[in-house]
Each structure stands twice: as structure tokens, then as C-alpha cells.
Amino acid sequence: MASAEMSKRLASELERIVLERIAGNRLVLPAMPSVPQRCLDILRDPDYNVRKLVKELEAEPVLSLLVVRAANAASYGRSNGMQALDQAVVRIGARGLKTLITEYAVNELFESSNRQLKEANRRVWEHSIVVALLARDIAALIGGGLEPDTCYLAGLLHDIGKPVLAAMILEVDRKLGRATPGWIDLTAWTQIIETSHRKVGVAVAAEWKLPDPIAAAIRDCSDYDGADRTSVGNVVRLANALAKREGYTTGPIDAADVEAMVMVGMSMLGGDTSVVDRLVNNIGSRLPAGPGG
Amino acid sequence: MPRILTIDDSSTIRSIITKQMTDLGFEVDHAEDGQQGLAKLEEISVDLILLDVTMPVMDGPTMLTALRERGDRTPVIMLTSESKRSIVAGAVKLGIEDYILKPFKPDELRGKVMKALRLDGSGGAASAGPVAANPTVASAPSAPMGGGGGGGGGSASRQFTDILVVDDMENVHKKLRSLLPAHVSMTGSVSARDALTHCQERVYRVVVVDLVIPDVNSVALMNQLRALQPHAVMVALALRSAGDASDVKGQGFNDVIYKPFESAAIDDFLSKHFEVDDVLAIDGNILSCAAFSGKEDKLDRYFTRLRTLCHESLEKLASACYDDTIFDLSAVPLRNDKIVRLLMDSDKEAKKLGIALRLVGTPEIKKVVGAVMETAAMPFFATRAEAQAAG
């Protein structure tokens with residue numbers, strides 16, 4: 001195991017390299033899987049061709065199955081048994097499909113064969129799903145032009161830089177591991193991720209051509225935007241704080257800071273605590289299975 | 001009368017707050033900065049402080065620190081245009097009741113002040129003083145996410161309607177309306193947005209959500225509506241071909257109704273959610289049957305319901321240590337076989353529980369009761385007073 005001092009120096013060096021590469025647009029980012037990417041490209045057209053979309057989906061059986069299952073679920077009105085894929089596509093609609101396909105693509109980023117990383121990613125995924133669900137609900141309740149599905153995706157992706165960066169660090173660790181096993185300890189690892197994940201997340205959003213409000217929500221997750229009170233970013237910030245207060249965190253939190261974010265967000269967005277508390281209280285029962293499930 | 005101190009360097013803000021708080025019947029004092037505020041608090045004691053952040057001479061956080069250091073735990077609401085988390089977090093650590101961002105709506109100020117002063121009717125264990133956990137944010141009826149004025153949903157200020165139906169097809173609303181009795185009120189929504197607005201304005205007993213609304217995740221919508229209507233029963237509206245109801249109920253719905261509607265199914269729905277205690281009332285140890293006002297073909301349901309409620313009521317009376325009960329049948333429709341069956345069941349149940357039954361009713365009912373061997377021996381009286389005197 002490398003000494004604490006060496007570990008700290010290596011971590012700083014790694015952070016510097018990552019930030020340099022992001023600034024120079026030289027960071028190798030995971031590409032969105034090809035089938036989801038093509039499906040989303042088709043869905044950008046408001047008058048998209050259903051047959052063309054179905055043909056693409058059929059190339060990815062797991063994704064096709066998810067679409068059919070979603071259409072059969074109570075969420076979209078259960079029908080009698082399995083539906084044809086084209087019927088399922090029509091039933092769910094463009095908005096629902098974009099969310100479902102993006103979520104499918106994102107799930108892959110949380111997969112890892114490394115046990116430690118898998119557990120860390122599971123926590124990030126769970127936190128992200130809670131933020132996504134709350135963001136969607138808050139957006140629905142606020143109304144006023146806020147699109148719930150956009151807020152859902154922004155919530156889901158707001159910490160996407162973390163698993164991506166963690167995988168990069170793991171890769172470097174592996175390459176160096178033969179000579180210097182355990183060169184970087186968990187604290188340093190966490191610090192690099194906390195410092196740099198947002199920039200990586202924004203880079204992923206650009207690489208995946210995600211809508212601007214989502215990229216903005218990833219980039220500006222620290223303070224609220226007072227100029228645009230009911231923005232997607234503000235909704236995600238409030239949902240993020242509520243998730244942390246409820247215990248869905250990815251690491252230690254500052255309780256006063258979280259409370260402050262909740263208070264400011266509730267006032268900024270116009271919140272009734274009793275309503276939001278009810279949304280938050282049953283969030284655990286609404287969590288789907290883990291990444292890939 | 002509650003007394004509030006408002007500390008803000010803006011005279012406009014102080015005027016606005018003073019006006020709004022005096023309209024509520026509160027006394028209001030003011031100070032232009034933190035130093036003045038501290039000096040004021042040496043002279044008077046207040047129930048709540050509304051504190052700005054950015055002020056000359058002494059800012060809000062400095063004033064709050066000094067206040068807490070001298071042991072003053074008066075509740076404080078930060079009322080400021082400052083939204084930086086570090087500043088608000090610092091205030092949270094010192095203990096603030098709540099936070100209001102300027103510009104603010106009058107309803108938000110009113111709601112949060114009422115909540116901080118524990119005057120919103122939410123009751124319960126009030127915090128001993130300012131606490132960092134569980135912010136007590138109360139929004140107003142006009143706030144977009146608000147559930148109505150005050151805490152706890154503020155249902156007291158909203159009107160009641162029995163059923164909200166959420167379906168994009170207006171024909172569904174019309175059809176359901178035609179099957180409901182006139183006294184059951186109903187509102188129809190054709191979109192999710194519409195439904196959310198309705199649920200912010202009124203209180204509903206039952207919310208019916210169609211599972212097939214274009215571009216709408218009905219389960220997500222149901223959860224959002226439930227947050228706004230915590231006491232409402234959530235019912236899914238599904239196609240009959242959708243199969244069994246367990247999957248739907250597993251998603252969080254309390255019940256399911258199928259389309260196209262069937263009269264019997266709507267009757268079941270009504271009896272489940274709107275006729276709970278209508279047919280039988282309890283007052284002390286007196287059970288009195290309500291009159292029947294429906295169609296002839298609903299009579300069976302009336303008597304079935306009466307029998308069920310009678311059983312439940314006798315159990316409650318036994319638990320309350322009553323050993324005798326007056327059963328007033330004066331309003332029951334004259335249907336010999338149904339009355340006899342009702343009395344036989346009730347008598348059997350009462351004996352099991354150790355309760356003596358005394359009957360009250362019209363001469364016609366007395367005749368029916370007396371004509372059957374199984375019920376002839378049951379004590380029967382013309383009035384409640386007579387029955388009570390015999391006890």
C-alpha cells in the first residue's frame with residue numbers, strides 16, 4: 001500500500017490530469033451505446049417514424065423487452081399480456097421512450113466487475129434514482145412550463161460523472177497496480193471524484209448530446225439560480241437536498257448544509273412541506289431494482 | 001397577542017411586513033440593522049424575529065450569533081434575498097425556524113409565520129425552539145406546490161368534493177356521472193396538469209385515475225396526487241381486458257374500476273367508499289337504522305350493509321363495556337323476511353358478546369317481530385324512552 005503522502009500526491013496528480021484533459025477536450029468518455037443513440041436521434045423528430053424506431057429497437061432485445069414491459073405495466077395502462085413492440089412504442093409515447101431509453105443507456109455506466117466500485121456505484125445509482133423521482137414529482141406539482149420527464153432525466157444524470165470518473169481511476173489503478181498495488185486510498189479516491197465529477201458529467205452530457213437543461217443541471221448543482229427560480233437545475237438541487245436529508249446519500253453530508261438547501265429550495269420553488277414530505281416519505285417503496293434491473 | 005420583531009434595512013420591506021402582520025392581529029416592532037435589533041431585544045421580548053441578512057452596521061448572521069450566544073432562543077425566520085448555501089447553512093447551525101426568499105408572496109410569509117408561532121393548527125409537539133432538522137415550511141393556497149394555506153395540507157380552507165375523475169375522454173366523465181347518485185359530487189379532469197391543479201384547490205374523498213392517458217405515467221401521477229390528497233382513496237380506471245387487479249394495487253392504488261362501467265360495479269364502489277356509516281348510527285348504547293331512500297333493487301344491499309354494521313357496532317359496544325343495547329328499527333322499510341333475518345343475526349351476535357338487545361319500532365314492525373318464533377321473545381318498545389326505562 002502506498003504511503004499516505006504518496007497517495008495524496010498521486011491523487012492530486014491524477015486530478016490535475018483529468019481536469020487538463022477535460023479542458024483540452026481530450027478526455028476519453030464512454031459513448032452512448034449505439035442502439036439507444038440511434039433511437040434517440042429518431043425521437044428528436046416530433047413526427048418520428050414508428051417503424052424505423054421499432055426496427056432499431058429490435059436490434060437490442062433487452063431494450064425491446066424493457067419497452068414492452070413498460071407498456072404492459074400499470075404505469076401506462078396494463079393490457080392483456082404481451083404487446084407487439086410497435087403497439088408498445090405508441091402506448092408509451094415519445095417523451096416516455098426518451099426517458100426509458102436514456103435510463104437504459106445510463107444504467108450501463110453503473111455496471112462494474114470490481115466489487116468495491118460496484119457497491120459505490122450502487123449507492124450513486126440509488127441516490128440518482130431518488131433525485132430523479134423527486135425532481136419529476138416536484139416539477140409536476142409546480143407546473144409552469146417545467147417538463148417532468150426532463151427533470152427526471154436531469155435528476156438521474158446529475159451525478160453521472162461519478163461512476164464515469166470512478167471507472168477511469170480504477171483503470172489507472174489497474175494499470176499501475178502490478179507495480180504499486182493500492183496506490184490510492186479510498187479517501188483520496190472520494191476526494192478526486194467529489195472535486196471533478198461535475199466537469200466529467202458535463203462532458204458526458206455533451207458527448208451524449210443531452211438537452212441543455214440537463215447539462216446545466218449537471219454543471220450547476222451547487223447553489224440555486226436566483227435569476228430563474230423555477231428552472232430544471234433548481235428542481236434538481238432541491239430534489240438532491242431532499243434525497244440526502246432522507247438518507248439517500250453517496251457519502252457523509254453536512255446536515256446544516258442540506259437543511260439550508262432544502263429551506264432555500266422550498267422557498268424558491270414555492271413548497272408546501274406537508275406535500276413534499278409525503279412525496280419523500282414513500283420514496284423507498286417506489287425505487288426500482290438496482291442498475292441493470 | 002403575538003409580538004414580532006422585523007429587522008431589515010429596507011423601510012419598504014419593514015412596511016410591507018408590518019402591514020401584513022398587523023392584519024393578522026400581531027404586534028410588530030422593527031429595527032434597521034442587527035445592532036438596533038439586539039438593543040430592542042434588551043427592552044422587549046418577542047415571539048418571533050424576521051431577520052434580513054445583508055444590513056449595514058451589523059448584518060443578520062452576526063446579529064443571530066450574538067443573540068444565541070447570550071442564550072436567547074427566540075424563533076427566527078430569515079427573510080432575505082440571499083440564497084447562498086453557505087450563509088443559510090451558517091444560520092441553520094445557529095438555529096432558525098425557517099427561511100423566506102425575497103421577493104416573497106404574502107401567503108408564504110403568512111403561512112410560515114403562522115407555522116413558526118404554532119398558530120396554523122398543525123398542533124403536535126412544537127419544537128422547543130429553532131431546530132435545524134425538519135424545516136417547517138408552510139406555503140399558501142396561491143403557491144404552485146401548495147396544498148392550501150397553512151400546514152398539514154390546509155384542508156380547512158378548501159372545498160370538499162367527493163370524486164375526482166382523471167381521464168382524457170370526457171365521455172368517461174359523463175358516463176360515470178350518470179351512474180352516481182345526485183348527492184355524490186364529482187369533478188372531471190382531462191389531463192394530469194388539470195388534475196394536479198384541482199387537487200391543490202379542493203379536497204377529494206376519492207381520486208379515480210385512468211391508466212391509459214396519452215403521455216402520462218399514471219402511477220407517477222397517482223403518487224403526486226396522493227401527496228396533495230393524503231386522505232383520498234386512489235382508484236385506478238382500467239380496461240376490463242387488463243386482467244386481475246393485483247398488479248395495479250401492487251403499484252399503490254387502493255382499488256380498481258373497469259371500463260366500460262357496470263352498474264353493479266359502481267354500486268360496489270359507492271358502498272365501499274360512500275356508505276360506510278350511512279345506514280346505522282351509534283349514540284351511546286343506542287343503534288338507530290337510517291331510512292332507505294334508494295331504488296327497490298338496492299334493498300338487499302341496504303339490509304346486507306345493516307347486518308354487517310350491526311355486528312361491528314355490537315363489538316364496539318361490548319368493548320366499551322355496554323351489556324345492553326337499544327336497537328331502533330323505526331326507520332327500517334317493512335320487509336318482513338329481511339327484518340326477521342336482521343334481528344336473528346343481531347340477536348345471535350349480541351348473545352355471543354353478552355349484550356341484551358331491546359328493540360324499538362313501529363306497531364307494524366312489532367307485528368312482524370312477534371309473528372316469528374325466533375324473534376317473538378325479543379323485548380319490544382314503542383319509543384326509546386320506554387326502552388331506556390325498562391333497562
Side-chain angles (χ1 to χ4, degrees), chain A residues 70 72-81 91-96 99 133 136-138 140-144 148-149 152 222-226 229-230 241 245 254-264 266-283 285-286, chain B residues 81 83-86 88-93 96 98-101 104-105 108 132-133 135-139 143-148 151-154 192-193 196-197 200 210-215 217-221 223-224 226-228 230 236 238-239 241-243 247-248 250-253:
Chain A
N72 278 333
S75 315
Y76 289 100
R78 186 185 167 89
S79 186
N80 49 344
R91 171 62 58 82
I92 296 174
R95 269 211 303 261
T99 304
L133 289 170
R136 180 174 63 189
D137 288 343
I138 292 168
L141 292 169
I142 290 174
D149 283 333
Y152 179 90
S222 48
D223 268 310
Y224 285 97
D225 178 2
R229 284 201 185 193
T230 55
R245 193 178 72 174
D254 177 337
D257 177 67
V258 167
E259 211 50 58
M261 286 298 278
V262 171
M263 280 189 178
V264 174
M266 293 290 277
S267 186
M268 193 166 284
L269 290 159
D272 182 330
T273 294
S274 55
V275 173
V276 173
D277 279 352
R278 283 192 286 272
L279 286 174
V280 170
N281 283 348
N282 79 345
I283 203 74
S285 63
R286 294 163 59 192
Chain B
S81 51
S83 61
K84 213 175 259 177
R85 71 200 285 175
S86 53
V88 183
V92 168
K93 281 180 184 151
I96 56 172
D98 214 323
Y99 168 97
I100 297 173
L101 182 68
F104 56 89
K105 289 179 181 167
E108 184 186 358
T136 53
V137 170
S139 189
M145 254 204 291
R193 182 72 241 138
L196 287 162
T197 304
Q200 285 165 359
D210 185 29
L211 293 184
V212 189
I213 303 175
D215 279 342
N217 180 325
S218 298
V219 173
L221 175 61
N223 280 308
Q224 289 151 13
R226 194 192 287 283
L228 293 168
L239 290 175
S241 56
D247 180 46
V248 173
Q251 295 272 339
F253 286 96

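In this structure, A/Met261 and B/Val88 have side chains that are not in contact, with every pair of non-hydrogen atoms separated by 4.5 Å or more. At a threshold of 4.5 Å between non-hydrogen side-chain atoms, the residues B/Val212 and A/Arg91 count as touching. No side-chain heavy atom of A/Met266 sits under 4.5 Å from any side-chain heavy atom of B/Asp98. Looking at B/Leu228 and A/Arg278, their side chains never come closer than 4.5 Å, going by heavy atoms from C-beta outward.
Contacts between A/Asp254 and chain B at a heavy-atom distance below 4.5 Å involve the side chain alone, from C-beta outward. Within the 4.5 angstrom heavy-atom criterion, atoms from both the backbone and the side chain of B/Leu101 approach chain A. Only the side chain of A/Arg229 comes within contact range of chain B, with heavy atoms under 4.5 Å apart.
Between the side chain of B/Arg193 and the backbone N or O of A/Ala140, at least one donor-acceptor pair lies under 3.5 Å. A side-chain donor-acceptor contact under 3.5 Å links A/Asp223 to the backbone of B/Arg85.
The shortest non-hydrogen separation linking A/Asp257 to B/Ala89 is CA-CB, 3.8 Å. Shown here for B/Gln224 and A/Leu279, the closest heavy-atom pair between the two residues is CA-CD2, 4.1 Å.
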Starting from the C-alpha separation in whole Å, work towards a yes-or-no answer on side-chain contact (heavy atoms from CB on, under 4.5 Å) for A/Val275 and B/Gln200. CA-CA 10 Å; A/Val275 173; B/Gln200 285 165 359; over 6 Å; no
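For A/Asn282, the side-chain hydrogen bond (donor to acceptor under 3.5 Å, both in side chains) partners at least two apart in sequence or on another chain are B/Asn223. Remark: A/Arg286 pairs with A/Asp137 by the side-chain hydrogen bond (donor to acceptor under 3.5 Å, both in side chains) rule, at least two apart or across chains.
Most heavy-atom pairs under 4.5 Å with chain A: of the set B/Ala192, B/Ser83, B/Ser81, B/Gly252, this distinction falls to B/Ser83.
Within the model, atoms CD1 of B/Ile96 and CD of A/Glu259 stand 9.0 Å from one another, a figure rounded to the nearest 0.5 Å.
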